[in-house]
Structure formats: C-alpha cells, structure tokens
Protein chains: 2
Amino acid sequence: MSLDDVLAQIDRNLDTATAHLMDLLRIQSISTDPAYKADCDKAADWLVADLKSIGVEATKRPTPGHPMVVGHVGEDNSDLPHVLFYGHYDVQPVDPLELWTSPPFEPQLEETNNGTVIRGRGASDDKGQLMTFIEACRAWKLVHGSLPCRITFFFEGEEESGSPSLIPFMQANADELKADIALICDTSMVSRGVPSIASQLRGMLKDEFTVIGPRIDLHSGHYGGPGLNPLRELSRIVDSFYDRETGRVAVEGFYDGVHEVPADLLRQWENSGFDAQDYLSNAGYTQAHGEKAYSILEQQWSRPTLEVNGLWGGYNGAGSKTVIPSEAHCKITCRLVGDMDPDALRGKIRAHVAAQLSPDCKVVWDQDLEGSPASVMNIARPEFEAARGALSDEWNREAVFCGMGGSIPIAGFFKSVLGMDAMLVGFANDDDAIHSPNEKYDLKSFHKGIRSWARILDALTK
Amino acid sequence: MSLDDVLAQIDRNLDTATAHLMDLLRIQSISTDPAYKADCDKAADWLVADLKSIGVEATKRPTPGHPMVVGHVGEDNSDLPHVLFYGHYDVQPVDPLELWTSPPFEPQLEETNNGTVIRGRGASDDKGQLMTFIEACRAWKLVHGSLPCRITFFFEGEEESGSPSLIPFMQANADELKADIALICDTSMVSRGVPSIASQLRGMLKDEFTVIGPRIDLHSGHYGGPGLNPLRELSRIVDSFYDRETGRVAVEGFYDGVHEVPADLLRQWENSGFDAQDYLSNAGYTQAHGEKAYSILEQQWSRPTLEVNGLWGGYNGAGSKTVIPSEAHCKITCRLVGDMDPDALRGKIRAHVAAQLSPDCKVVWDQDLEGSPASVMNIARPEFEAARGALSDEWNREAVFCGMGGSIPIAGFFKSVLGMDAMLVGFANDDDAIHSPNEKYDLKSFHKGIRSWARILDALTK
C-alpha cells in the first residue's frame with residue numbers, strides 16, 4: 001500500500017466527502033449569537049461522531065462558552081511525530097442576508113469562471129478547511145487500516161467570537177494537548193494555485209479613546225469661535241499619527257522591534273505569484289498607500305500598521321445640528337510584527353496622544369484591552385521542508401513561505417501556552433468571501449487540500 | 001395721561017400678566033413633533049383671542065405647516081411709525097424629560113439665587129418674551145384707550161422646526177406685512193441686568209461630505225498597510241481646515257468679506273458687562289480657543305467659524321472590528337459675518353477639500369444645502385437710539401449694542417423679502433436653559449421687559 005493508493009481513494013471518494021462536508025455546513029453554528037448555541041453544540045457532536053467513525057477517541061468537552069472537541073488516535077512512537085491538528089467549527093453571522101444569492105446554510109455546488117465552488121457559510125472558514133484534514137485521515141485509514149502517526153484533534157467553537165475559552169482550556173488540559181507540532185488549516189494561498197505555508201503572522205493591539213472638550217454639548221452660535229471642538233482635536237491627533245511623505249507611522253518608537261525581512265525569504269515572497277495588480281484593484285486602488293520604502297507584500301506582511309477602525313462624535317442624523325460636541329471617539333488597532341511589544345507600544349501611542357492635546361481637553365482610554373505579539377514560524381524545523389515538498393508535488397508548483405497580514409492568535413498560543421511550534425497550511429483563496437455574503441470554497445481547494453494533507457502526513461512519517 | 005401711568009398699570013397688573021402667560025405656557029405647542037399639531041393650533045387660537053382682547057384685528061392664517069397669527073391695529077399716520085412685532089408661539093421638545101425638576105408644561109414660580117423665575121418650556125423662548133410686548137400694549141390700551149401707533153403683530157409657530165412656511169407666507173402677504181421697522185423679542189441680554197440691542201447676527205452655511213476610499217469595507221489584516229483609510233483622509237482634511245498657531249481657518253479666501261468691528265462699537269461691546277470668565281467656565285474652559293488676534297467677544301460675535309458638528313465612519317459598537325471602512329462622513333457649519341457670501345464660501349471650502357485628497361480617494365457632497373448671510377442691523381436708524389434711551393431709563397444702566405454669535409434668519413428675511421430693517425431687543429439671560437430641561441424666564445425679565453416695550457413705544461411715538 002502506498003501514498004498513491006491513498007490519493008486514489010481520495011479521488012474516488014470526492015463526491016461523498018463533498019456531500020459529507022455539506023452536512024456540516026447545514027449546521028448553523030454561529031458562535032457570536034446566543035440564539036445558535038444549540039447549533040454550535042450540534043456541530044461539535046457531528047465532529048465527535050465523524051472522528052469516531054475513523055477510529056479516533058473523540059469527546060465533546062464543555063467550556064463556559066461553546067464546547068471544544070478533542071480526539072486522540074495512535075500511540076507514541078519515537079520514530080514518528082505526534083501532531084496536533086487544529087480547526088474551528090463555528091462560523092460568522094450571515095447578515096446582510098439579502099446579499100446572499102443562495103441561502104447561507106443550504107450549501108450547493110456552483111459553476112463559476114474559476115471552476116466549481118461549494119457555496120455556503122463556513123465553506124472556506126473553517127469547516128471546509130478542517131474537513132480537508134479529516135478526509136485525508138479517512139482515506140489513509142481506509143487504505144492502511146490505521147493512521148500514520150499519533151494525532152490529536154482539537155477543534156474549537158469560539159474562533160469567530162474571540163476565543164474566550166481557548167487559553168483557559170489549553171492551560172487546564174496542557175498535558176493532554178501537547179504534541180510535537182500543531183498543524184492549522186485556516187489560512188489562504190498567496191494566489192490561486194500557489195501552495196502556501198504562512199511563515200509569519202502579524203500581531204494585534206487594540207485600543208480606544210475618547211477626547212473630551214467642553215463639559216457639555218455647546219451651541220455653535222454661542223460658543224463657535226472661542227469653543228474648543230473635540231472633533232477638531234481628534235482629527236489633529238489622528239493626522240499626527242502619520243507622516244504622509246514617507247507613509248510611516250509618526251509615533252515615537254513605533255518601529256522598535258521591527259526587523260527587515262531576510263533577503264532570501266523576501267525573494268521567496270516576491271516569487272510567490274502574489275498578484276499586486278489584482279490585490280489593488282479588488283479594493284478599487286490604483287496604487288499602494290503604505291510605507292513608500294517597502295513593497296506591497298512587505299507593507300502587508302512584515303510592516304506594522306496603526307489603523308483607525310472607527311471614529312465618531314457629534315451629530316450624524318439627517319440634516320444638521322449646530323453642536324460643538326463634548327466628546328469625540330476613536331477606535332484603533334495596530335498590526336504588529338517582529339518583536340514589537342504590545343504593552344510597550346500601547347504606552348507609546350498613549351504618550352503620543354497626550355502630547356497632542358490642547359489645553360482644556362483631556363483623553364480617556366478604554367480599559368478593556370487586548371494585545372498579542374506577532375508570530376514568526378520556526379521554518380527551520382524539518383516539518384516545514386517536508387510539507388513544502390509535499391505541497392509542491394501536489395500542486396505542480398513550488399510551495400512558498402508567505403507572510404500573512406492578519407492575526408491568528410492560536411499560533412502564538414500553541415507556543416506561549418503549550419511550548420509548541422505551529423505550521424499553517426491552508427487552501428483558501430482571496431475571493432472566498434469569508435465573513436461576507438456568498439462565502440465559497442473552491443472544490444479544487446477541497447480536493448487538492450485533502451490530497452495535500454495526505455502527502456504531508458506521508459512526508460512527515462517517512 | 002403719561003408713560004408713568006402706563007408703567008404703574010404694568011406694575012399693578014404683573015401678577016395677572018404672569019398668570020396669563022402661564023396659561024399660554026400650559027399649551028404644549030411643540031412644532032417639530034406632529035403629535036402636537038392640535039396644541040400648536042390651540043396656541044395660535046389663544047394668541048388670536050388675546051390680541052382681540054386688546055382691540056387688535058387678529059386672525060389665524062393657515063400654512064402647509066402650523067398657522068401664522070397676524071393682527072393689525074391703528075391707522076397709518078405720517079407722524080408716527082408703523083411697527084411690526086414678531087415672535088413665535090412654538091417651543092422645543094422637552095426631552096430628556098427626566099432631567100426636569102417640575103413638569104415642563106405645568107409652569108410655576110420658583111425662588112432662586114437670582115430672584116423669582118417662571119419655570120416651564122417656552123417661558124423664555126419665546127412665549128414669555130413675546131408676551132412682554134403684548135402686555136405693554138395691553139397696559140397702554142387700558143391707560144390711553146388706544147395703542148400709540150399702527151402696529152402689525154406677526155407670530156409664527158414653526159420657528160423651532162426650521163420655519164418652512166415663513167418665507168412663502170411673507171412673500172404671499174408682503175403688502176399686508178410691510179411696516180417701517182420690525183421689532184423682534186427673541187434674544188438675550190449680554191449679561192444679567194444689561195439691556196441689549198443685537199446689532200449683528202452671524203449667518204450660517206451648512207454642508208456635509210463623504211470621503212470614499214476603497215470600494216468596499218476591507219479587512220485591516222489583509223489590507224492594513226497598502227490600504228487607504230478614509231478615516232485617516234478625513235482627519236487630515238479636517239485638520240487642514242485650521243491653522244493652529246493663529247487659530248484661523250486655513251481655507252483660502254475664507255475671510256473674504258469679513259470686516260473689522262468699528263472701534264466705537266467694539267468699545268461698547270467691551271463695556272457691555274459681558275463676563276468672559278463666566279462664559280468660559282460655563283463650558284469648562286480656562287481660556288478661549290479661537291483666533292488669537294481677537295477678543296473673546298469678537299471671536300463669538302464678529303468672526304466667522306468653520307465648525308465640525310459631526311464626524312463618523314467605521315465601527316462604533318462594543319469591542320473592536322478590524323475594518324478599513326469604505327467611507328467617512330463629516331457635517332460642517334460655518335458662522336458667517338460681514339459680507340461673506342455663503343455660495344462663494346461653499347465653493348472655496350469644497351475646493352480646499354478637493355485639494356487635500358489622496359489618489360484613489362474621492363469626496364461626495366450632500367446636495368441638500370442651506371446658507372444665509374450675516375445680518376447687520378441698521379443701527380443708524382433713529383429707532384435704535386430711541387430704544388437705547390428707553391432701555392437705559394428702564395434698567396438704570398446704559399443699554400448696549402451687542403453682537404450675537406447665533407443666527408436668527410428672520411431678521412434677514414424681513415430685509416430680503418419685505419425690505420424692512422429689524423431691531424432685536426430681548427430680555428432673556430444666558431442661564432435660561434432654552435432648548436434644555438428646566439427652561440425658565442426671570443420674573444424680572446418679564447416685568448422689566450413689559451416696561452421696556454412701553455418705554456420704547458413711547459420713545460418711538462414722541
């Protein structure tokens with residue numbers, strides 16, 4: 001029995017696997033909305049049953065929120081790795097519902113210019129992706145009678161709602177969850193058909209502040225002129241965050257801990273098939289607007305940002321109101337890279353804002369805050385080269401190490417809580433509309449994703 | 001029979017006049033809320049009846065909104081002026097109701113540190129003020145058997161909801177409404193006990209724009225860096241409106257048509273008893289924040305402003321959302337002075353904004369716009385000196401010509417529609433809480449206001 005037999009079994013079973021995925025997609029496991037609590041539970045039960053069907057000892061594990069699913073199969077063997085596979089069974093809300101061309105929880109196959117797609121909420125993020133791994137295991141088991149190594153399965157149901165139970169659960173079950181390496185299938189390919197391993201993820205810092213001017217809303221006739229307007233103050237503060245000439249963030253010390261990308265990795269990125277034109281035009285841009293000294297890929301993957309995500313104050317209804325408001329509000333997030341320290345950075349940003357304030361004006365910071373540093377994968381580990389070879393074989397295209405502009409805190413948590421490295425391999429495409437109406441997963445991603453995991457398991461256990 | 005007899009009659013009748021005003025205050029004539037349409041009608045009927053009781057031929061006149069009240073008394077006499085008196089019988093909404101210490105439409109007398117006040121919605125704005133004139137006429141009529149000159153009464157019921165019927169009504173009834181001068185009682189005194197004639201009012205320009213960046217909301221992980229954020233653009237645009245060093249508006253040509261206040265008028269303002277410390281501390285300020293080259297009174301009365309009244313975009317709910325929004329919104333109003341032309345200014349502001357825009361970014365302007373130039377009263381008319389003398393006699397304090405930071409378009413409409421000058425004399429105080437909970441009118445304002453109008457009528461007809 002060989003890898004080819006497993007791959008052939010995967011090919012034969014594709015229709016069944018697709019129909020099986022659709023069963024999971026029909027479960028409305030929206031984690032952020034308490035109305036769907038029973039559906040989340042049902043998705044966890046579905047996964048437990050499915051893991052059991054391939055010989056995994058799986059259980060649903062309660063948390064203060066939605067349950068975890070943990071499964072174990074195989075014995076320790078010093079010649080073989082013990083891998084943990086992570087995914088999430090919860091999905092994003094579906095609104096605006098009217099923009100969907102078919103009901104979000106009635107998945108269907110659809111022909112498009114880019115081939116057949118599986119349309120439905122969660123098809124790509126993350127049910128379709130997590131099933132690529134389970135289906136690879138199913139085929140392996142059928143062909144070989146057992147799985148190739150010890151595998152721990154770990155699925156959560158709160159990824160789309162901030163994962164509040166994740167770290168406590170990992171801490172409480174550290175011994176049970178510990179493995180040699182975590183495999184995560186929740187990322188996308190750098191461009192269509194280019195197999196990609198995420199080598200670094202940006203971290204995240206969130207903060208929110210209110211600029212307070214007059215003690216009450218004022219009439220702009222009576223106080224217009226002498227009055228201090230916090231909307232004007234806030235605008236000046238936000239503008240002061242940036243150096244428009246260079247595109248850099250102008251907060252002192254902002255770039256502490258930021259490193260240049262090694263030349264060889266940068267070369268890989270540049271040869272990754274990333275289509276800058278496509279990326280820009282998808283957003284309606286004709287050019288990149290970040291740091292002028294860096295390429296688009298660096299701006300997206302290896303450079304930090306300070307982004308204003310929300311800004312509001314005064315009157316926003318119909319018509320006008322001649323008010324000088326008392327308050328103005330601002331939500332910001334930073335994407336962190338390298339060794340940027342979230343807590344230190346928060347202090348620098350707050351000091352910057354304080355230095356901008358006019359007399360008779362103060363700022364209040366939100367107290368409920370989050371921050372997580374960037375994650376850089378340990379691509380020197382042999383598993384990364386093994387996976388790269390396997391992916392290259394499957395996709396007939398050299399697999400690339402790419403960066404990721406987003407933040408997937410789970411990778412960092414495996415390191416910080418369990419001391420494990422993680423490897424992120426995913427088969428999503430940028431046009432999958434995750435978190436948006438009409439989410440889809442290319443059938444090719446699903447099919448070749450399953451085959452890719454079979455090849456990776458094979459490569460890891462040779 | 002002399003003015004003294006009229007004043008004595010006013011003093012004798014004060015309790016009755018106060019009770020009579022309270023009858024009017026009980027009518028819930030909130031013009032902006034259709035639920036109170038019948039109440040507005042009732043207030044108009046009340047005024048018609050009251051005018052008839054002093055010999056005025058008064059009628060309620062329908063409009064597409066709330067009715068006007070028009071009354072006529074007396075004949076033309078080439079030796080005597082024909083005056084028009086304007087006021088409004090509608091009031092502001094009362095919410096937040098829970099902040100009222102007594103029911104807004106159950107007026108009552110209350111003792112305060114500043115003497116007795118009439119508490120209730122509309123006590124100051126404008127029912128109490130308009131009744132000062134009617135009560136002066138009532139006393140005059142009782143003492144003299146007739147009023148001192150031809151008088152046209154003109155009351156509207158839509159002043160607090162934008163006066164949509166006012167200009168059409170004035171145009172349709174121009175011949176009937178035309179008089180030598182309009183008297184308006186809807187303003188406040190520059191400080192407690194200082195009789196004040198408003199010599200200039202600022203005009204108003206309203207505009208609203210949307211900055212559009214990417215064609216859809218973007219994920220700040222995927223596009224943070226290369227992405228253009230319209231919130232950042234808007235902040236830069238707003239900041240560019242101002243020169244922080246001088247406190248001036250930095251829009252090119254903004255100050256075209258702005259004139260310095262004549263030295264003698266400025267001296268009057270400065271001797272008007274305006275309490276800058278009080279004015280600032282009421283807002284929680286320790287200093288003025290406008291144009292550094294001008295006094296607080298000039299900043300408030302004779303200098304133009306560009307104020308941001310509302311600003312919003314992106315996410316403003318609980319927690320955070322890692323979005324680069326597609327749009328950012330801004331509402332602005334300008335206060336205009338001198339000969340500033342609203343239409344020309346609008347063009348300058350729009351050109352300024354256009355010049356700030358980054359590539360891949362556009363701005364869309366609201367199409368539903370308003371503008372009205374500043375009003376400068378014709379204080380060279382003899383009626384102004386007559387009124388000043390009368391007010392000085394009544395208040396034992398030289399009456400002052402003051403500016404007003406707000407905009408009262410009616411004064412301009414008398415000029416533009418009917419070719420009449422207007423004189424604004426009012427007895428409100430800054431702490432009257434008009435438009436706010438616990439509105440009040442000082443009993444002293446009411447009493448001495450009635451006496452003031454009697455003196456003014458006497459002075460105008462001597």
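Below, chain A is the first sequence line, B the second, and so on; all start at residue 1.
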*For chain A, find which of B:N282, B:L306, B:D217 contributes the most heavy-atom pairs closer than 4.5 angstrom.*
B:N282
*A:T322 versus chain B, heavy atoms under 4.5 Å apart: side chain, backbone, both or neither?*
both
*Of the listed residues (A:S320, A:S188, A:G313), which shares the most heavy-atom pairs with chain B below a 4.5 Å separation?*
A:G313
*By a 4.5 Å heavy-atom criterion (distance strictly below it), what part of A:S302 contacts chain B: side chain, backbone, both, or neither?*
neither
*asked:* Is it the case that the side chains of B:N316 and A:H329 hold a donor-acceptor pair, with the cut-off being a distance below 3.5 Å and no angle test?
replied: no
*Do side-chain atoms of B:N309 reach the backbone of A:V323 as a donor and acceptor pair under 3.5 angstrom?*
yes
_Interchain contact, B:Y242 with chain A, by part (heavy-atom threshold 4.5 Å)_ = side chain
*Of the listed residues (A:D207, A:L231, A:V238), which shares the most heavy-atom pairs with chain B below a 4.5 Å separation?*
A:L231
*Please look at A:M404 and chain B and tell me whether the side chain, the backbone, both or neither of the residue comes under 4.5 angstrom of a heavy atom of that chain.*
neither
_Hydrogens and angles aside, do A:T305 and A:R202 bring a side-chain donor and acceptor to less than 3.5 Å of each other?_
no
*Side chain, backbone, both or neither: which part of A:D430 has an atom under 4.5 Å from a heavy atom of chain B?*
side chain
*Would you check if the side chain of B:T187 reaches a backbone N or O of B:G426 as a donor-acceptor pair within less than 3.5 Å?*
yes
*Could you tell me whether the side chain of B:E439 and the main chain of B:D432 form a donor-acceptor pair under 3.5 Å?*
no
_Winner by heavy-atom pair count (cut-off under 4.5 Å) against chain B, out of A:A288, A:G405, A:S220, A:G406_ = A:S220
*So, A:D275 versus A:S191: side-chain donor-acceptor pair below 3.5 Å or not?*
no
*Counting distance only, does the side-chain N/O of B:S295 pair as donor-acceptor with the main-chain N or O of B:E298 below 3.5 Å?*
yes
*chain B contacts, top residue of A:G314, A:S240, A:G284, A:A283 (heavy-atom pairs, under 4.5 Å)*: A:A283
*asked:* Using a 4.5 angstrom heavy-atom cutoff, name the option from B:D360, B:I324, B:D239 with the most pairs to chain A.
replied: B:D360
*Heavy-atom pairs under 4.5 Å with chain A, option from B:S407, B:C361, B:P359 with the top count*: B:P359
*Give a yes-or-no answer on whether the side chains of A:T32 and A:E160 include a donor-acceptor pair shorter than 3.5 Å.*
no
*Which members of residues 223-230 of chain B, sorted by number, sit under 4.5 angstrom from chain A on a heavy-atom basis?*
B:Y223, B:G224, B:G225, B:P226, B:G227, B:L228, B:N229
_Set of salt bridge (Lys or Arg N to Asp or Glu O under 4.0 Å) partners for B:E291, sequence neighbours left out_ = B:R248, B:R303
*Report the option among B:Q287, B:E208, B:H219 that has the most heavy-atom pairs separated by less than 4.5 Å from atoms of chain A.*
B:Q287
*Per-residue contact mode, A:A318 against chain B (heavy atom under 4.5 angstrom)*: backbone
_Only pairs of heavy atoms separated by less than 4.5 Å count here; which of A:G247, A:G317, A:C330, A:G162 has the most with chain B?_
A:G317
*Heavy-atom distance under 4.5 Å to chain A: side chain of B:L311, backbone, both or neither?*
both
*Do B:S326 side-chain atoms and B:P214 backbone N/O form a donor-acceptor pair below 3.5 Å?*
yes
_Those residues that, when tested against A:R215, pass side-chain contact (heavy atoms from CB on, under 4.5 Å) (two or more places apart)_ = none
_If we define contacts as heavy-atom pairs under 4.5 Å, which of A:Y294, A:W301, A:Y285 has the most with chain B?_
A:Y285
_Polar side-chain atom of A:Q299 near backbone of A:G290 as donor-acceptor pair, under 3.5 Å_ = yes
*For the student: nearest non-hydrogen atoms of B:F254 and B:M340, plus distance*: O-CE, 3.2 Å
*Non-hydrogen atoms of chain B under 4.5 Å away: do they reach the side chain of A:P325, the backbone, both or neither?*
side chain
*Is chain A contacted by the side chain of B:H435, its backbone, both, or neither, given a heavy-atom distance below 4.5 Å?*
neither
*Backbone N/O of B:L99 and side chain of B:N438: donor-acceptor pair under 3.5 Å*: yes
*Part of B:F241 lying under 4.5 Å from any heavy atom of chain A*: neither
*May I ask you to decide if B:H222's main-chain N or O and A:Q300's side chain share a donor-acceptor pair within less than 3.5 Å?*
yes
*Contact class of A:I332 relative to chain B, heavy atoms under 4.5 angstrom*: neither
*Let me know if A:K331 has heavy atoms under 4.5 Å from chain B in its side chain, its backbone, both or neither.*
side chain
*Contact leader toward chain A among B:L201, B:T333, B:T286, where contacts are heavy-atom pairs under 4.5 Å*: B:T286
*Which residues pass the salt bridge (Lys or Arg N to Asp or Glu O under 4.0 Å) test with A:R232, sequence neighbours left out?*
B:E307
_Between B:S31 and B:S161, is there a side-chain donor-acceptor contact under 3.5 Å, judged purely by atom types and distance?_
yes
